Trainee: 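For reference, the structure I am asking about is given below.
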Amino acid sequence: KRIENQTNRQVTYSKRRNGLFKKAHELTVLCDAKVSIIMISSTQKLHEYISPSTTTKQVFDQYQKAVGVDLWQTSYQKMQEHLKKLKEVNRNLKREIRQRMGECLNDMSYEHMVNLIEDIDNSLRVIRERKYKVITSQIETGKKKLRNVEEIHKKLVFEYDARHEDPHYGLVENEAVDYHSVLGFPNNGSRTIALRYVPNHHHHPSLHGGGGCGGS
């Protein structure tokens, strides 16, 4: 009876398959026989033995000749029927494509034309939704890029105005100077604008620098 344990069943199958193939090889060598064995396991794995002096097709051909049957005729007929169905499907698809292009409409019934219009309308709706989705995504991306450019422009204008109002102020790097305030750019990290502060000249409202206004 059938071995219930799957592992034991597979081990037994493998051992007895190898033993059967060994006997088939002995028949081939000792008796000059032509042997073909085809086995399919419960896991749908194919195992085959064929005598080195022949092929599987030759064995089938000899079997047909000896028994007087045609093993291929039924299979050939099925293939022909399948091919006929595929050709019919292909013709229908080509006709449908031509009808969607506005051709071959003379033989269409009224109901068929109504269904064709509904199918085209549904296709157009899906295409429009996809198109609008793509356009909306492109617009949102463009708005984000515009906002980034405007932010960069504002920072550059601010930096330009700060330098224009006092040419002695500006970007300071690694100077040991007291600063009254430091303006930073949070998005650009290390770039800062420092304003110079001189505590010894409270009476002069102007900025302390190298080039004075008026006389020397």
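Excluded from the calculations below are hydrogen atoms, water molecules and symmetry mates; all remaining heavy atoms, backbone and side chain alike, are included. This structure is a prediction, so every number in the text was calculated from the model and none was measured. By convention here, the first residue in the shown sequence is residue 1.
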Trainee: Does Met39 share a hydrophobic cluster with Tyr49, counting links as ILVMFWY side-chain heavy atoms below 4.5 Å and allowing steps through other members?
Mentor: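 Same cluster: Met39 reaches Tyr49 through Ile, Leu, Val, Met, Phe, Trp or Tyr contacts under 4.5 Å.
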
Trainee: How long is the straight-line distance from CG of Leu30 back to NZ of Lys23, given to the nearest 0.5 Å?
Mentor: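 The distance works out to 10.0 Å.
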
Trainee: For Asp121 and Ile117: C-alpha separation, side-chain torsions, deciding distance, then whether side-chain contact (heavy atoms from CB on, under 4.5 Å) applies.
Mentor: CA-CA 6 Å; Asp121 288 339; Ile117 292 174; 3.6 Å; yes

Trainee: My understanding is that only residues two or more places apart in sequence, or in another chain, count here; which of them pass salt bridge (charged side-chain N to carboxylate O under 4.0 Å, His left out) with Glu129?
Mentor: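 Checked Glu129 against salt bridge (charged side-chain N to carboxylate O under 4.0 Å, His left out); matches are Arg125.
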
Trainee: Going through the checks in order, is the side-chain contact (heavy atoms from CB on, under 4.5 Å) test met by Gln58 and Tyr63?
Mentor: CA-CA 8 Å; Gln58 290 175 349; Tyr63 173 82; over 6 Å; no

Trainee: Nearest 0.5 Å, please: how far is OH in Tyr13 from CG in Asn18?
Mentor: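 Here the interatomic distance stands at 9.5 Å.
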
Trainee: In plain terms, say whether Glu96 and Arg100 are close enough for a salt bridge, that is, a side-chain N and a carboxylate O under 4.0 Å apart.
Mentor: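 Looking at Arg100 together with Glu96, the answer is yes, because their closest N to O distance falls below 4.0 Å.
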
Trainee: Is there a side-chain hydrogen bond (donor to acceptor under 3.5 Å, both in side chains) between Ser41 and Thr43? Walk through the geometry before answering.
Mentor: CA-CA 5 Å; Ser41 68; Thr43 58; 2.9 Å; yes

Trainee: Run the side chain to side chain donor-acceptor pair (under 3.5 Å) test against Glu26 and tell me which residues pass, sequence neighbours left out.
Mentor: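 Partners of Glu26 by the side chain to side chain donor-acceptor pair (under 3.5 Å) criterion come out as none, since no residue qualifies.
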
Trainee: The criterion is salt bridge (charged side-chain N to carboxylate O under 4.0 Å, His left out); which residues satisfy it with Lys45, sequence neighbours excluded?
Mentor: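 Listed in chain order: nothing, the list is empty.
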
Trainee: Once rounded to the nearest 0.5 Å, what's the spacing between atom CD of Gln73 and atom CD of Gln64?
Mentor: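 So the gap between those two atoms works out to 10.0 Å.
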
Trainee: Set out, in order, the CA-CA distance, both residues' side-chain angles and the distance that settles side-chain contact (heavy atoms from CB on, under 4.5 Å) for Leu124 and Arg128, then state yes or no.
Mentor: CA-CA 6 Å; Leu124 288 174; Arg128 288 192 186 99; 3.6 Å; yes

Trainee: Evaluate the side-chain proximity of Ser75 to Met79: yes if any heavy-atom separation is below 4.5 Å, no if none is.
Mentor: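 Contact flag for Met79/Ser75 side chains = yes.
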
Trainee: Atom OG of Ser109 and atom CG of Leu116: how far apart are they, to the nearest 0.5 Å?
Mentor: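 So the OG of Ser109 and the CG of Leu116 are separated by 10.5 Å.
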
Trainee: Say you draw a straight line from OH of Tyr76 to CG of Leu83; how long is it, rounded to the nearest 0.5 Å?
Mentor: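 Answer rounded to 0.5 Å: 9.0 Å.
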
Trainee: Considering only distance and modelled atom types, tabulate donor-acceptor pairs under 3.5 Å from the side chains of residues 31-38, sequence neighbours left out.
Mentor:
none

Trainee: Are Val11 and Ile3 in one and the same hydrophobic cluster, where Ile, Leu, Val, Met, Phe, Trp and Tyr link if side-chain heavy atoms are under 4.5 Å apart?
Mentor: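 Different clusters: Val11 never reaches Ile3 through Ile, Leu, Val, Met, Phe, Trp or Tyr contacts under 4.5 Å.
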
Trainee: Grouping I, L, V, M, F, W and Y whenever their side-chain heavy atoms are under 4.5 Å apart, do Leu20 and Ile40 come out in a common cluster?
Mentor: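 They do not share one cluster, since no chain of ILVMFWY contacts under 4.5 Å joins Leu20 to Ile40.
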
Trainee: Which residue pairs pass the side-chain hydrogen bond (donor to acceptor under 3.5 Å, both in side chains) test when at least one of the two sits in residues 78-88, sequence neighbours left out?
Mentor: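 Listed by first then second residue: Glu88-Arg91.
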
Trainee: Within the 4.5 Å heavy-atom criterion, are Thr12 and Arg9 side-chain neighbours or not?
Mentor: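 Thr12 vs Arg9: side chains apart.
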
Trainee: Heavy-atom distance under 4.5 Å between the side chains of Lys131 and Val134, does that happen here?
Mentor: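 A side-chain contact is absent here, since even the closest heavy-atom pair is not under 4.5 Å.
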
Trainee: A side-chain contact here means heavy atoms from C-beta on lying under 4.5 Å apart; do Ile152 and Leu156 qualify?
Mentor: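 In contact.
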
Trainee: Gln10: which residues meet the side chain to side chain donor-acceptor pair (under 3.5 Å) condition with it, sequence neighbours left out?
Mentor: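 Gln10 satisfies side chain to side chain donor-acceptor pair (under 3.5 Å) with Ser42 only.
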
Trainee: Hydrophobic cluster membership, with links at side-chain heavy-atom distances under 4.5 Å among I/L/V/M/F/W/Y: are Tyr110 and Ile120 in one?
Mentor: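 No.
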
Trainee: Do Asn90 and Lys94 have side chains that get closer than 4.5 Å, going by heavy atoms?
Mentor: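 Side chain of Asn90 against side chain of Lys94, heavy atoms only: contact under 4.5 Å found.
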
Trainee: If you measure from CD1 on Ile127 to CG on Asn122, what distance do you get to the nearest 0.5 Å?
Mentor: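 So the CD1 of Ile127 and the CG of Asn122 are separated by 11.0 Å.
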
Trainee: Under the criterion side-chain contact (heavy atoms from CB on, under 4.5 Å), I'd like the reasoning laid out for Glu151 against Lys155: C-alpha separation, chi angles, the key distance, then a yes or no.
Mentor: CA-CA 6 Å; Glu151 186 67 21; Lys155 293 176 182 179; 3.6 Å; yes

